[in-house]
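Numbers restart at 1 for each chain; the letters A, B, ... are given by sequence-line order, proteins then strands. Reckoned from all heavy atoms, side chains included, excluding hydrogens, waters and symmetry mates.
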Amino acid sequence: MPELPEVETLCRQLNGFLPGAKILGIDILDPRLGKREVEGLAGRKIGGIYRQGKYIRIEMGKRGQNPVISEPGKGQKKIKPKRSDDRLTAALHLRMTGRLLWQTSGGPAPSYTRLIISFATGRLILIDPRRFATFCIRPVETAPALVANPLEELPSQSLKKIAEKRRLPVKSLLMDQRFVAGIGNIYACEILYHAGIDPRRQAGGLSGAEWRKVQKASATVLPRAVECRGTSISDWRDLFGRSGENQNHLEVYSREGKPCHRCRGTIERTKIGGRGTWFCPACQR
DNA sequence: ACATATGTTCTTCC
DNA sequence: GGGAAGAACATATG
Ligand SMILES: [Zn+2]
């Protein structure tokens with residue numbers, strides 16, 4: 001479900017009120033998420049929440065000061081902090097159908113609730129029908145993508161460098177998380193429409209001018225989608241259960257057979273890398 | 001029954 | 001060895 005704009009929306013909303021809150025408890029309702037270590041999270045304070053590609057990173061502070069033991073006649077002795085007392089930055093990935101919901105009213109958790117993190121003022125709920133979402137307390141930190149944050153900038157020069165001699169479709173390059181962090185199927189289709197480039201083109205065959213069009217298209221598409229709080233085409237909702245608005249700006253995604261808004265031609269669908277791909281054959285070359 | 005779904009990862013084959 | 005295609009994960013919908 002969520003790509004960069006949806007994950008960015010959740011991070012901004014969480015950052016609006018959650019930092020400083022103390023975790024009261026964590027319930028894992030889906031064993032696929034892994035049970036271990038999670039108990040140690042109770043008592044920790046939330047730090048910042050930030051986006052890393054499509055990951056939601058949640059900083060969690062220590063549970064309090066390290067315990068100190070007084071020994072008579074020998075002054076004080078610090079106890080070595082346990083590993084579970086270290087700071088950590090958890091990583092949540094929503095994959096295909098994950099959602100987060102902030103629930104302040106009591107009442108039952110929604111269907112497909114997989115994880116509940118409780119605070120004094122409410123609870124944070126992970127809803128995920130397909131159960132692909134992952135939640136890691138101490139994720140292995142991996143090398144950042146070559147373009148770590150395309151919301152800030154998707155530089156044409158970096159793209160051209162990455163694409164050199166590669167024959168994969170330009171769409172697959174944009175969606176490869178090792179290259180560009182955060183772009184998924186909807187926004188790859190939309191960016192290439194705005195850039196006027198056929199998604200099936202070999203990446204290595206694009207000119208500098210064409211990569212500049214991609215950069216410019218991304219600078220239009222991604223910030224607008226964030227302002228719209230994401231694309232609600234099926235059941236995406238923001239942290240407070242509201243639909244996004246970016247579905248009103250889609251030009252090609254899921255619009256097979258419908259008229260192109262620019263040339264009135266027909267939007268077509270094909271498959272690239274196993275994923276549905278929509279484009280206007282007249283406007284995208 | 002089959003195809004499809006906003007994602008990632010592993011296997012297989014060239 | 002790089003890369004591309006396919007399958008797998010689990011569940012719903014048309
Ligand atoms: Zn067109």
Ranking B:dT9, B:dA5, B:dG7 by distance to the side chain of A:Asn185, first place goes to B:dG7
Would you mind classifying the nucleic acid contact of [X] as base, sugar-phosphate or nothing, using non-hydrogen atoms under 4.0 angstrom?
X	answer
A:Tyr253	sugar-phosphate
A:Asp235	base
A:Gly230	nothing
A:Gly274	nothing

Just wondering, do [Y] and [X] contact through their side chains at under 4.5 Å, heavy atoms?
X	Y	result
A:Ile197	A:Arg285	no
A:Pro110	A:Leu101	yes
A:Thr231	A:Tyr253	no
A:Tyr112	A:Thr97	no
A:Thr104	A:Phe240	no

Take atom [atom1] in [N] and the same atom in [M], then report the distance between them in whole Å.
N	M	atom1	answer
C:dA7	B:dC2	P	14 Å
C:dG6	B:dA3	P	13 Å
B:dT8	C:dG1	C1'	22 Å

What pairs of donor and acceptor atoms, side-chain ones from residues 267-280 of chain A against any protein atom, are under 3.5 angstrom apart with sequence neighbours left out?
| from | atom 1 | to | atom 2 | distance (Å) |
| --- | --- | --- | --- | --- |
| A:Thr277 | OG1 | A:Lys171 | NZ | 2.7 |
| A:Thr277 | OG1 | A:Arg275 | O | 3.0 |

Pairs in or reaching into residues 230-248 of chain A: which pass salt bridge (Lys or Arg N to Asp or Glu O under 4.0 Å), with residues at least two apart or in two chains?
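Listed once each, the pairs are A:Arg229-A:Asp238.
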Which residue pairs satisfy the salt bridge (Lys or Arg N to Asp or Glu O under 4.0 Å) criterion with at least one member in residues 178-201 of chain A, sequence neighbours excluded?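 As it turns out, the salt bridge (Lys or Arg N to Asp or Glu O under 4.0 Å) pairs with a partner in residues 178-201 of chain A, which skip direct neighbours, are A:Asp176-A:Arg178, A:Asp198-A:Arg200, A:Arg201-A:Glu210.
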### Query
Mind pulling the stems DNA chain B is in, i.e. runs of at least three Watson-Crick or G-U pairs, everything under 3.5 Å?
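In DNA chain B, stems of three or more pairs: B:2-5 with C:11-14, B:7-14 with C:2-9.
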In this structure, how many angstroms lie between the [atom2] atom of [N] and the [atom1] atom of [X], rounded?
X	N	atom1	atom2	result
A:Leu94	B:dG7	CG	P	11 Å
A:Met175	B:dT8	CE	C1'	10 Å
A:Ile272	C:dG3	CD1	P	18 Å
A:Arg178	C:dG3	CZ	C1'	10 Å
A:Lys271	B:dC2	NZ	C1'	11 Å
A:Ile233	B:dA5	CD1	P	9 Å
A:Glu3	B:dA5	CD	P	13 Å
A:Trp236	B:dG7	CH2	P	12 Å

Please identify each residue that fulfils ring pair (Phe, Tyr, Trp, His ring centres under 6.0 Å) with [X], with sequence neighbours left out.
X	answer
A:Phe132	none
A:His93	A:Tyr55
A:Tyr187	none

_Please tell me whether A:His194 and A:Glu251 have a donor and an acceptor in their side chains that are separated by less than 3.5 angstrom._
no
Practice task
Not counting sequence neighbours, which residues clear side-chain hydrogen bond (donor to acceptor under 3.5 Å, both in side chains) with A:Arg212? List them please.
Solution key: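 Partners of A:Arg212 under the side-chain hydrogen bond (donor to acceptor under 3.5 Å, both in side chains) test: none.
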Exercise. Could I get the full list of side-chain hydrogen bond (donor to acceptor under 3.5 Å, both in side chains) partners for A:Asn15, not counting sequence neighbours?
Key: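 By the side-chain hydrogen bond (donor to acceptor under 3.5 Å, both in side chains) rule, A:Asn15 matches no residue at all.
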Contact string for nucleotides 4-11 of chain C, one letter per nucleotide 5' to 3', B = base within protein heavy-atom range under 4.0 Å, S = sugar-phosphate only, - = neither, reads S----BBB
(message) If you compare every side-chain N and O of A:His93 against the phosphate oxygens of B:dG7 (OP1, OP2), does one of them come in below 4.0 Å?
(response)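 False: A:His93 side-chain N/O out of range (4.0 Å or more) of B:dG7 OP1/OP2.
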Quick check on B:dG7: is either OP1 or OP2 less than 4.0 Å from any side-chain nitrogen or oxygen of A:Gln177? no
Interatomic distance, CG@A:Leu126 vs CD1@A:Ile117, rounded to 0.5 Å, equals 8.5 Å
Expected list for residues 189-198 of chain A near DNA chain C, using heavy atoms below 4.0 Å, is none
For DNA chain C, which residues of residues 143-155 of chain A approach it to below 4.0 angstrom with any heavy atom?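 Close to the strand, none.
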